[in-house]
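Because only heavy atoms are used, hydrogens play no part in the values below, and waters and symmetry mates are left out as well, while side chains stay in. Here is the naming used below: chain letters follow the sequence lines, and residue numbers restart at 1 for every chain.
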There are 2 protein chains.
Amino acid sequence: MKDEKKISSAVIKRLPKYYRYLLILQQMGISRVSSNDLSKRMEITSSQVRQDFFNFGGFGLQGYGYDVTLLVKEIGNILGMDKINNMIVIGAGNLGQAIANHTSFEKRGFKIVGMFDNNPRHVGDIVRGIEIMHSDRLTEFMSNHSVDIAIITVPREYAREVVDKVVKLGIKGLWNFASVELEVPDDVAVENIHLSESLMALTYKMKEIRNRKAKVLKKTESK
Amino acid sequence: MKDEKKISSAVIKRLPKYYRYLLILQQMGISRVSSNDLSKRMEITSSQVRQDFFNFGGFGLQGYGYDVTLLVKEIGNILGMDKINNMIVIGAGNLGQAIANHTSFEKRGFKIVGMFDNNPRHVGDIVRGIEIMHSDRLTEFMSNHSVDIAIITVPREYAREVVDKVVKLGIKGLWNFASVELEVPDDVAVENIHLSESLMALTYKMKEIRNRKAKVLKKTESK
DNA sequence: TAGATTGTTAATCGATTAACAATC
DNA sequence: TAGATTGTTAATCGATTAACAATC
């Protein structure tokens, strides 16, 4: 059996974006899309769309385009959404609760099965039908339930500790909001959310726009 | 005056990451770093570090390395953090409150100056010293205060409406958590947070790890 | 001075775009 | 069939890495 060639990370990074746009098309009741259509919506080239899908063997039909439903399914599968992902939220403060309330995840097979917090003020509260448990019960819970992903929404100073704990308990996926660098075994996947990086990207863009304006103004003056 | 050459977006995207690592060094009391040190921590090449900084003229000293404090300042300036950024939170639910409570922003000159919500249940509550106001007061507030950035944490169905409103009121930066595509004039900067894309990136990684394991297992068996 | 490490150019690598034959 | 649009290769472009002279 020949080794399938490695898909480049540039392509992978675009997949969730394709997925998102395809869901929008689906909601609009559009069942078929050409690489050209899709590329215009997403502000990329049609060549890139075809090239990207070609990496996976191609999902389209010459002279017709791509079937939206099929494409959603195929890309979903590539991204690992062909199964239910059971998730627990560790840290049931505002952020943890915000995520638990985010209904659109559930539609895509991401299911919150437990929430944990150290703070007695939160323990016992119900969020979207899930009772917040004390963190002491984490070990017991994880040995009785199948949990795929732990969402880390504790304050940063507790993050490493709880991560070590769930890793020991066998977790294989971490969605980390605690902006701490985590060290985990290489069979555990980590995705970090760095909100501050996004905020800085915003101020950079704002600065660029201000500079652009200043330049145009200067040009006009010197005329 | 010659046009300074355009910095590539690949470089820009790395700047917040450099910034983050440099802050860690600073906290550790390290005042000087070589491209080699930094590259190892960040898991990139030292060549890239030097090349990246060279884009801005170079911040280092031959035979010595880079001064951490200087570097933090320079990169901060490039990213537009050389000024206070006044921000308002629109949508004071769990997510809006979580962001308002995120203290590390404030240290970097990101200051929440107002919070707004439609829901009377939230109005009047105090979050980190800021009273949540009814959205009706947005227009009045913005004409009396200097606001740089609006953080959009309303449910997606209200997002476009409130964005149109603040754009009309002159906002120049939008940090959008509502996973809706926004259309704004081209002098308004937008940074979108798509949490679901990050979550899909995680399940993709998890799937890759599972596949890798399966392959190793197969190899072992066939021996 | 000798050693270290940047600044900077050149070489390589990979990703994007162009082009068009294949085919529905 | 004619028209449309993908699949797929080749060309181009840009980003990363290598190398080393400059210089602290």
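For the pair Phe54(B) CZ and dA10(C) P, the interatomic distance rounds to 12 Å; values are reported in whole Å. In this structure, Asn55(B) places its CG atom 12 Å from P of dT9(C), rounding to the nearest Å. Here dG7(D) presents its C1' atom at 16 Å from CG of Asn36(A), a figure rounded to the nearest Å. Atom CG in Asp37(A) sits about 8 Å away from atom P in dT5(D), given to the nearest Å. Look at CZ on Phe53(B): it is 14 Å from C1' on dT5(C), rounded to the nearest Å.
In this structure, the side chains of Leu22(A) and Tyr66(A) stay at 4.5 Å or more apart for every pair of heavy atoms.
For Ile12(A), the side-chain contact (heavy atoms from CB on, under 4.5 Å) test picks out Ile7(A), Leu15(A), Tyr204(B), with sequence neighbours left out. Lys83(B) pairs by the side chain to side chain donor-acceptor pair (under 3.5 Å) definition with Asp148(B), not counting sequence neighbours.
Counting only Watson-Crick or G-U wobble pairs whose defining distances are both under 3.5 Å, the stems of 3 or more consecutive pairs in DNA chain C are C:3-24 with D:3-24.
Salt-bridge formation is not detected for the pair Asp37(B)/Arg32(B): no Lys NZ or Arg NE/NH1/NH2 atom is positioned less than 4.0 Å from an Asp or Glu carboxylate oxygen. Contact check on Arg210(A) versus Asp187(B) returns no salt bridge, with no Lys/Arg side-chain nitrogen under 4.0 Å from an Asp/Glu carboxylate oxygen.
Between Arg50(A) and Ser35(A), the side chains place a donor N or O and an acceptor N or O closer than 3.5 Å (distance only, hydrogens not considered).
The structure places NE2 of His102(A) at 11.0 Å from CZ of Arg128(A), a figure rounded to the nearest 0.5 Å. Summarising the geometry, atom CG belonging to Asp82(B) is positioned 4.5 Å from atom CG belonging to Asn77(B); distances are rounded to the nearest 0.5 Å.
Ring-plane geometry between Phe59(B) and Phe56(B) is classed as parallel, the angle between the planes falling under 30 degrees on a 0 to 90 degree scale with a further cut at 60.
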What pairs of donor and acceptor atoms, side-chain ones from residues 84-94 of chain A against any protein atom, are under 3.5 angstrom apart with sequence neighbours left out?
residue  : atom : partner   : partner atom : Å
Asn86(A) : ND2  : Ser146(A) : O            : 3.2

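As judged by a 4.0 angstrom heavy-atom cut-off over every strand, Ser35(B) is placed among residues touching the sugar-phosphate backbone only. Backbone-only engagement by Phe59(B) is indicated by non-hydrogen atom pairs under 4.0 Å involving sugar-phosphate atoms exclusively.
Dense packing is recorded around CD of Glu181(A), with more than 12 heavy atoms of other residues, nucleotides or ligands lying under 6.0 Å away.
The stretch residues 65-73 of chain B touches DNA chain C through Gly65(B), Tyr66(B), each having a heavy atom under 4.0 angstrom from the strand.
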Base, backbone or nothing for each nucleotide of nucleotides 14-21 of chain C, written B, S, -, heavy atoms under 4.0 angstrom, 5' to 3'?
-SSBBBB-

